[in-house]
J.: 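Input: one structure, supplied below.
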Amino acid sequence: MRGILGGDTETAARHVLGAFLVRGTGPEARAARIVEVEAYVGEDDLASHARFGRTWRNAVMFGPPGVAYVYLVYGMYHCLNVVTEPAEQPAALLIRAVEPVLGVDSMRAARIDRAVRRVRRRGEEAVERARRAVGTMPAERLACGPGLVGDAFSIDAADDGLDLCDEASSLRLELAAGAGPPPVQAGPRIGIDYAPEPWRSRPWRFFVPGSPSLSAGSRRVPRQEAP
DNA sequence: GCAAAGATTTGCT
DNA sequence: GCAAATCTTTGCC
């Protein structure tokens, strides 16, 4: 796995799709199939956190492949990236969506925990609303966005720099056994309107078409046939 | 030092 | 369709 991640990021993306993100071991383990990622490649990618060069926040992007790069976005969501390409070349794959396959109850509990934390200032009514919303949500929607992956897998700053290729890590990647590579579709990255062209339009979002767990941006409204 | 904006999600108008 | 929530990082004075 590490060897694949150390190559070019688009190739790495096509191998990460279909692989599993795993948290913990035993009865508490959570696992999910990765179905949507985005590539951020090089200091000259003006959509990437690496665009200002090496800083304290993005330092692990400049390190060896297979390591977790975790950052806090909008002051409330922790996003998980897998570092790619050789050391000194800053690149990573943002994990945007996964399909839960194991430990669904733990993921739901983790989602509820963070949802409640966020709305608790707004009162008991808001807390109950959040509990109910996440509690009745279909399993395939528990991690259908980058912030929601962070919530469902209890990801935070403590995971930054973790080796995702070490099977002893609390958070890790595992190749899909047996299954061949899934079909992959590409599109422009989401939420980077601040970036100039050509970066804004680069088709560096990769996803498994048809997955029920895609983020809103990758979910395709089925085209209506002309009458 | 301070001001501004952000690789998001949710809920209300 | 739009704004709020929330806090770290970056950039400018």
J.: Determine which pairs satisfy side chain to side chain donor-acceptor pair (under 3.5 Å) with at least one residue from residues 198-210 of chain A, sequence neighbours left out, and list them in order.
T.: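 Listed by first then second residue: A/Glu197-A/Ser201, A/Arg205-A/Ser218.
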J.: Only Watson-Crick and G-U wobble pairs with both distances less than 3.5 Å should count. Give DNA chain B in dot-bracket notation, marking inter-strand partners with |.
T.: ||||||.|||||.
J.: Would you mind classifying the nucleic acid contact of A/Ala47 as base, sugar-phosphate or nothing, using non-hydrogen atoms under 4.0 angstrom?
T.: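 Base, at least one base atom sits under 4.0 Å.
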J.: For a quick check of understanding: with a heavy-atom distance under 4.0 Å over all strands, which category does A/Arg51 fall into, base, sugar-phosphate or nothing?
T.: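 A/Arg51: no heavy atom of the nucleic acid under 4.0 Å.
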J.: For A/Glu99, run the side chain to side chain contact (heavy atoms under 4.5 Å, CB included) check against A/Arg33, A/Arg141, A/Glu36 and tell me which one passes.
T.: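 Single pass found, and it is A/Arg33.
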J.: Determine the Euclidean distance between corresponding P atoms of C/dA4 and B/dA4; express it in Å to zero decimal places.
T.: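 To the nearest whole Å, 16 Å.
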J.: Return the CD to CD distance between A/Glu43 and A/Gln89, rounded to the nearest 0.5 Å.
T.: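 Answer for the CD-CD pair, A/Glu43 versus A/Gln89, is 10.5 Å.
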J.: Report the residues that fulfil side chain to side chain donor-acceptor pair (under 3.5 Å) with A/Asp159, sequence neighbours left out, ordered by chain and then residue number.
T.: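 A/Asp159 satisfies side chain to side chain donor-acceptor pair (under 3.5 Å) with A/Arg23 once adjacent residues are dropped.
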J.: Which residues in residues 145-156 of chain A have at least one heavy atom lying under 4.0 Å from any atom of DNA chain B?
T.: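 The stretch gives A/Gly145, A/Pro146, A/Gly147, A/Leu148 as the residues lying under 4.0 Å from the strand, ordered by number.
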J.: According to side chain to side chain donor-acceptor pair (under 3.5 Å), does anything in residues 181-196 of chain A pair up with another residue at least two apart or in another chain? List the pairs.
T.: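 Sorted pair list: A/Asp45-A/Arg189.
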J.: Is there any side chain to side chain donor-acceptor pair (under 3.5 Å) pair reaching into residues 69-78 of chain A, and which pairs are they, with sequence neighbours excluded?
T.: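 Sorted result for residues 69-78 of chain A: A/His49-A/Tyr69.
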J.: With A/Ser154, which of A/Arg30, A/Arg111, A/Arg114 fulfils side-chain hydrogen bond (donor to acceptor under 3.5 Å, both in side chains)?
T.: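 For A/Ser154, the side-chain hydrogen bond (donor to acceptor under 3.5 Å, both in side chains) check succeeds only for A/Arg30.
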J.: Could I get a table of every N or O pair under 3.5 Å where one atom is in the protein and the other is in nucleotides 7-12 of chain C?
T.:
{"residue": "C/dT10", "atom": "OP1", "partner": "A/Thr55", "partner atom": "OG1", "Å": "2.8"}

J.: Using 0.5 Å steps for rounding, measure from the OG atom of A/Ser106 to the CG atom of A/Asp113.
T.: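 It is 12.0 Å, given to the nearest 0.5 Å.
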J.: Please check: side-chain N/O of A/Glu38 versus main-chain N/O of A/Ile190, any donor-acceptor pairing under 3.5 Å?
T.: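 Looks like yes, one N/O pair under 3.5 Å.
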J.: Can you name the residues that form a side chain to side chain donor-acceptor pair (under 3.5 Å) with A/Thr11, not counting sequence neighbours?
T.: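 With sequence neighbours excluded, A/Thr11 shows a side chain to side chain donor-acceptor pair (under 3.5 Å) to A/Asp8, given in chain and number order.
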J.: Between A/Ser48 and A/Arg129, who's closer to the 5' end of DNA chain B by nearest nucleotide?
T.: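 Its nearest nucleotide being more 5', the pick is A/Ser48.
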J.: For A/Val101, what are the other residues in its hydrophobic cluster, where any two members join if their side-chain heavy atoms are less than 4.5 angstrom apart?
T.: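 A/Val101 clusters with A/Phe20, A/Val22, A/Leu102.
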J.: Taking only the P atom of each, what is the distance from C/dA3 to B/dA5 in whole angstrom?
T.: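 Pairwise P distance, C/dA3 against B/dA5, rounds to 14 Å.
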J.: Walking along DNA chain B from 5' to 3', note the first and the last nucleotide with an atom under 4.0 Å from a heavy atom of chain A, and give both.
T.: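 Span of nucleotides near chain A: B/dG6 to B/dC12.
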J.: Here's a test of your reading of the structure: between A/Tyr194 and A/Arg122, which maps to the more 5' nucleotide of DNA chain B?
T.: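 It is A/Tyr194, whose closest nucleotide lies nearer the 5' terminus.
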J.: Who passes side-chain contact (heavy atoms from CB on, under 4.5 Å) against A/Ala32, sequence neighbours left out?
T.: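 If we apply the side-chain contact (heavy atoms from CB on, under 4.5 Å) test to A/Ala32, skipping adjacent residues, the hits are A/Val98, A/Met107, A/Phe153.
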J.: May I have all residue pairs that pass side chain to side chain donor-acceptor pair (under 3.5 Å) and include part of residues 118-140 of chain A, sequence neighbours excluded?
T.: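 Those involving residues 118-140 of chain A are A/Arg118-A/Asp151.
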